[in-house]
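One structure below.
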Amino acid sequence: MKANTLKILLHKEISLMKRSPLIPRIIIAMPILVMLIIPLVATFDVKNIDVAVVDNDHSELSRRIAADIDASEYLSITGCYFRYDEALAAVENGTADVILTIPQNYLKDLANGKMPKLDLKANGVNVTKGTLGAQYAAASATGTLRQWQNEQGSATLPATTSVINRYNPTLDFRNYMIPALMVILIIIICGYLPTLNLVNEKEAGTIEAMNVTPVGKFVFVLSKLIPYWIVGLLVVTVGMIIGWAVYGLIPEGNIFLIYLATLLFSLVMSGLGVFVANKSATILQSIFMIFAFIIIFQLMSGLFTPIASMPQWAQYITYAIPPRYFIEIMRAVYLKGSSMADLWQQYAALLGFATLLSIIAAITYKKRA
Amino acid sequence: MKEKEPIISVCNLTKKFGNFTAVDNITFEVGKGEIFGFLGANGAGKTTAIRMLCGLSFPTSGSGTVAGYDIMSQAEEIKRHIGYMSQKFSLYQDLTVWENLKLFSTIYGMTDREIKIKADMVFTTLGMADMRNALVKEIPLGWKQKLAFAAATMHSPDVVFLDEPTGGVDPATRRRFWEMIYQASSQGMTIFVTTHYLDEAEYCHRVSIMVDGHIRALDSPAMLKKQYHAATMDEVFRIIAQGAQRTD
């Protein structure tokens with residue numbers, strides 16, 4: 001009889017979901033839009049860095065340094081100035097990001113074996129652009145110098161380091177972003193929809209019709225959670241298809257590991273959603289509550305900023321944030337091709353959270369006031 | 001129509017919300033098969049009382065039984081033996097007529113076969129066979145109310161609670177609704193009904209009138225009219241409820 005009840009309740013949930021004017025569109029359209037647009041616009045790649053050059057040397061070498069900078073992919077020269085003040089003014093009015101100052105007699109001092117110094121200053125208001133801009137400009141100038149010295153046959157080359165980025169060789173931000181976007185989609189869709197669904201039943205009065213029947217509350221809550229397994233799997237499927245079709249990104253690891261993690265994490269989010277709905281009387285209340293969770297989840301789970309760069313106390317908190325494990329799994333399976341043996345701890349954590357939140361959702365659901 | 005054994009029996013039932021006493025020490029009995037009218041002005045505490053009887057709300061104090069089960073400790077047992085239809089008629093608007101009936105009947109433990117037989121009967125008696133696959137939100141209010149009544153009684157409960165079942169429809173539709181009530185009652189079902197229409201009170205076997213959380217009168221319509229020297233239940237209600245402190 002319980003199985004019958006669960007079956008008919010699920011039938012009810014799915015029918016209502018399909019007939020809703022909004023939900024089927026959200027489930028399909030939202031992943032498509034997010035996956036198509038966000039990887040193109042949200043990037044930490046810094047291109048178009050404008051360099052102001054103050055050339056006090058006016059030598060062949062100094063001109064070559066400037067020309068090489070202008071020729072490089074990410075840098076361009078916005079102007080050559082005679083005085084540092086003028087270059088600084090260019091930074092202040094926003095036309096330059098980095099100032100490169102070449103001292104007087106630079107070439108002469110270099111030839112005489114002295115160690116003259118180039119001076120680089122970057123605008124730190126936009127931290128990423130400033131840091132990377134200074135690095136790029138320094139790298140370009142160093143390259144020019146090395147080539148110059150090579151041509152002169154003079155100097156010993158300082159040892160150079162070479163860096164190879166494994167798993168994401170071009171350090172393409174998209175490869176990092178696409179698995180994370182799927183996580184965001186599931187956080188939002190599987191967090192909001194069950195909440196709104198249940199609070200909507202409260203506002204419409206149908207919840208009362210249910211509470212006055214002998215329906216078991218565990219069965220009822222289960223009927224509110226299970227549909228979001230399907231929703232979660234759909235969302236991830238749409239996401240993976242776009243990741244492959246548009247960005248050419250295919251999971252290195254087993255696709256079923258991704259589905260398994262999605263299943264568990266959908267349960268985590270819908271359990272949380274039902275819990276929030278149980279504690280809210282109106283749609284508005286529930287939206288604010290779930291929003292608070294989503295903000296914390298997005299900012300503290302390592303989605304945008306690496307957990308390793310958080311202060312120690314914050315790193316401890318992230319252990320209590322379920323999407324942290326889902327993101328680790330998604331990135332590891334997608335980019336490194338990790339297996340269950342590598343990730344069992346993350347899966348265990350997700351399973352724990354899924355169980356815990358489902359139980360909390362069922363316990364806080366009250367048939368009687 | 002005094003009954004042999006009570007199916008609802010309530011003693012000193014009280015519900016407080018903070019300092020506000022919504023239901024104040026009410027005591028009454030309802031006999032098996034009775035149509036019991038539960039009247040009162042807005043805010044008198046009718047809905048709160050019904051919610052306690054149906055196991056939707058915990059009583060603050062007092063005791064009682066419904067269908068032989070204790071309202072304090074056996075609420076889920078009570079729910080197996082009652083039907084409930086509220087003023088919001090609580091059907092799923094985006095499910096079809098058939099899906100609603102099937103949903104509620106299955107929850108009450110009926111088998112698919114039983115449901116099919118019963119539903120066919122309901123569709124024929126109500127003359128709504130052609131509405132079987134219509135979404136509930138698309139059918140007229142009067143039909144929705146009949147359907148909600150059908151959904152609340154398909155499983156042949158001992159008692160059915162109707163909380164303002166006929167709000168907002170014309171007298172002819174209300175009349176037909178009461179024919180359904182009589183039919184259910186004739187099959188031995190006990191009907192516990194609240195209403196604001198005093199002509200409907202005349203149809204009840206016995207009527208109680210609540211004022212400010214108390215039951216001020218309880219008797220058959222004929223006896224009440226005699227006691228208050230009134231021609232109609234409407235007059236009786238006015239006399240009793242005129243001292244009410246709470247409005248809405």
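In this text, all values refer to a predicted model and were calculated from it rather than measured experimentally. Proteins get letters first, then strands, A, B, ... in listed order; numbering begins at 1 in each.
Of all heavy-atom pairs between A:R368 and B:P59, the closest is NH2-CD, 4.0 Å. The nearest pair of heavy atoms linking B:K79 to A:P214 is O-CD, 3.6 Å. Closest approach of A:R19 to B:L95, counting heavy atoms only: NH1-CA, 3.4 Å. The shortest non-hydrogen separation linking A:V215 to B:E76 is O-OE1, 4.1 Å. A pairwise comparison of heavy atoms in B:I107 and A:T5 identifies CG1-CG2, 4.0 Å as the closest pair. Between A:L16 and B:Y92, the shortest heavy-atom distance links the atoms CD1-CD2, 3.8 Å.
Note: B:F58 leads B:F58, B:Y84, B:F161 in heavy-atom pairs under 4.5 Å with chain A. The most heavy-atom pairs under 4.5 Å with chain B, out of A:N211, A:V212, A:T206, come from A:V212.
Distance check: B:D112 CG to A:I8 CD1 gives 7.5 Å after rounding to the nearest 0.5 Å.
With a 4.5 angstrom heavy-atom cutoff, B:L135 touches chain A only via side-chain atoms. Contacts of B:F104 with chain A are made by side-chain atoms alone, with heavy-atom separations under 4.5 Å and no backbone atom involved. For chain A, the nearby parts of B:T96 are the backbone and the side chain; heavy atoms of each come within less than 4.5 Å.
Judged purely by atom type and a 3.5 angstrom limit, A:K12 has no side-chain atom pairing as donor or acceptor with the backbone of B:E99.
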> Taking it one step at a time, do B:L103 and A:M210 satisfy side chain to side chain contact (heavy atoms under 4.5 Å, CB included)?
Replying inline: CA-CA 10 Å; B:L103 171 64; A:M210 279 292 144; 3.7 Å; yes
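Remark: B:Y197 OH is packed, more than 12 non-hydrogen atoms of other residues, nucleotides or ligands lying under 6.0 Å away. Atom OH of B:Y182 sits in a crowded spot, with more than 12 heavy atoms from other residues, nucleotides or ligands closer than 6.0 Å. The environment of NE2 in B:H196 is crowded: more than 12 heavy-atom neighbours from other residues, nucleotides or ligands sit within 6.0 Å.
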